[in-house]
Colleague: 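I'd like to ask you about the structure that follows.
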Amino acid sequence: MPKILFSKLAVLIILTISSAFFPLLTKASIRINEIMYDLEGSDDKKEWVEIYNNSSSAIDLKDWRFNDGSNHILNEPPENGGRGVLVLPAFGYAILASDAQTVISNYSSYSGIVIDTVMSLGNTEETLKIIDASGNVIDSVSYNSSMGANGDGKTLQKNWK
């Protein structure tokens, strides 16, 4: 019996130490949730990506990058017409926009965070990444036009099953 108790205690200690030193391994964070990559008509200044903080803590996006083949900074609102802040609240959403002012104008009912960044999403296929301030890829999503939302005004949405 003492041997079993010792084993359980050892596992608990290892998990506790892992949580303290490797928090990204023990909790989730920012996820790419929705992609507007190929609108009806011209895509110019209208593309956007929705991100979601699926953790119970706010996450500061300062010095994070959006990658669509190249790394792009996230401009701190209100720079380039963005709205809100770079701190994404727990279980909160934000829009990364190729042109924040255009996206805010086109989606006037959305009152949340809009962060301007450089963005040029492929209309046939693309791999998108969210990269933290330390250079770690936090989330990556690949899509192609056969998945839908190609020129029909709809978006690709993550299925969280």
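Residue indices begin at 1 and follow the sequence shown.
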Colleague: Linking I/L/V/M/F/W/Y whenever any side-chain heavy atoms sit under 4.5 Å apart, do Ile32 and Met147 land together?
Modeller: yes
Colleague: Hey, can you pull the donor-acceptor pairs under 3.5 Å for the side chains in residues 67-74, sequence neighbours left out?
Modeller:
residue : atom : partner : partner atom : Å
Asn67   : OD1  : Gly69   : N            : 2.8
Asn67   : ND2  : Asn71   : OD1          : 2.7
Asp68   : OD1  : His72   : NE2          : 2.7
Asp68   : OD2  : Ser120  : N            : 2.8
His72   : NE2  : Ser70   : O            : 3.3

Colleague: Do you know the tightest heavy-atom contact between Ser140 and Val137?
Modeller: CB-CG1, 4.2 Å
Colleague: State, yes or no, whether a side-chain contact exists between Asn53 and Tyr93 at a heavy-atom distance under 4.5 Å.
Modeller: no
Colleague: Should Leu61 and Ile115 be marked as a side-chain contact (heavy atoms from CB on, under 4.5 Å) after you check the CA-CA gap, both sets of side-chain angles, and the distance that decides it?
Modeller: CA-CA 10 Å; Leu61 301 174; Ile115 301 168; 4.0 Å; yes
Colleague: So, Ser55 side chain and Ser57 main chain: donor-acceptor pair closer than 3.5 Å or not?
Modeller: yes
Colleague: List the steps, then state whether side-chain contact (heavy atoms from CB on, under 4.5 Å) holds for Val141 with Val49.
Modeller: CA-CA 11 Å; Val141 172; Val49 172; over 6 Å; no
Colleague: Only one of Thr102, Asn123, Val103 forms a side chain to side chain contact (heavy atoms under 4.5 Å, CB included) with Glu47, so which one is it?
Modeller: Asn123
Colleague: After noting the C-alpha distance and the side-chain angles of Lys46 and Tyr107, does the key distance pass the side-chain contact (heavy atoms from CB on, under 4.5 Å) rule?
Modeller: CA-CA 10 Å; Lys46 299 176 187 174; Tyr107 300 94; over 6 Å; no
Colleague: Below 4.5 Å, heavy atoms only, C-beta onward: do Pro77 and Leu86 meet side chain to side chain?
Modeller: yes
Colleague: Under 4.5 Å between any side-chain heavy atoms of Ile35 and Leu128, yes or no?
Modeller: yes
Colleague: Side chains of Tyr37 and Trp48: any donor to acceptor distance under 3.5 Å?
Modeller: no
Colleague: Within the distance-only criterion (no hydrogens, no angle test), does the side chain of Asn80 pair as donor or acceptor with the backbone N or O of Asp116 below 3.5 angstrom?
Modeller: no
Colleague: To the nearest 0.5 angstrom, please state how far the CG atom of Asn150 sits from the CG atom of Asp38.
Modeller: 6.0 Å
Colleague: I want to check something: taking the side chain as every heavy atom from C-beta on, are Trp64 and Ile59 in contact at a cut-off of under 4.5 Å?
Modeller: yes
Colleague: Within a reach of under 6.0 Å around CD of Glu125, are more than 12 heavy atoms found that belong to other residues, nucleotides or ligands?
Modeller: no
Colleague: Spell out, yes or no, whether Ile95 and Ile104 are grouped together once hydrophobic residues are joined by side-chain heavy atoms under 4.5 Å, including indirect joins.
Modeller: yes
Colleague: So, do Leu96 and Met119 sit near enough that their side-chain heavy atoms are less than 4.5 Å apart?
Modeller: yes
Colleague: When rounded to the nearest 0.5 angstrom, what distance separates CD in Glu40 from NZ in Lys154?
Modeller: 9.5 Å
Colleague: Check whether any side-chain heavy atom of Ile131 sits under 4.5 Å from a side-chain heavy atom of Asn136, and report yes or no.
Modeller: no
Colleague: Is there side-chain contact between Ile113 and Leu88, with heavy atoms separated by less than 4.5 Å?
Modeller: yes
Colleague: Find the distance between CZ (Arg65) and CD1 (Ile130) and round it off to the nearest 0.5 Å.
Modeller: 12.0 Å
Colleague: Closer than 3.5 angstrom, by distance alone: can the side chain of Glu126 be matched with the main-chain N or O of Gly122 as a donor-acceptor pair?
Modeller: yes
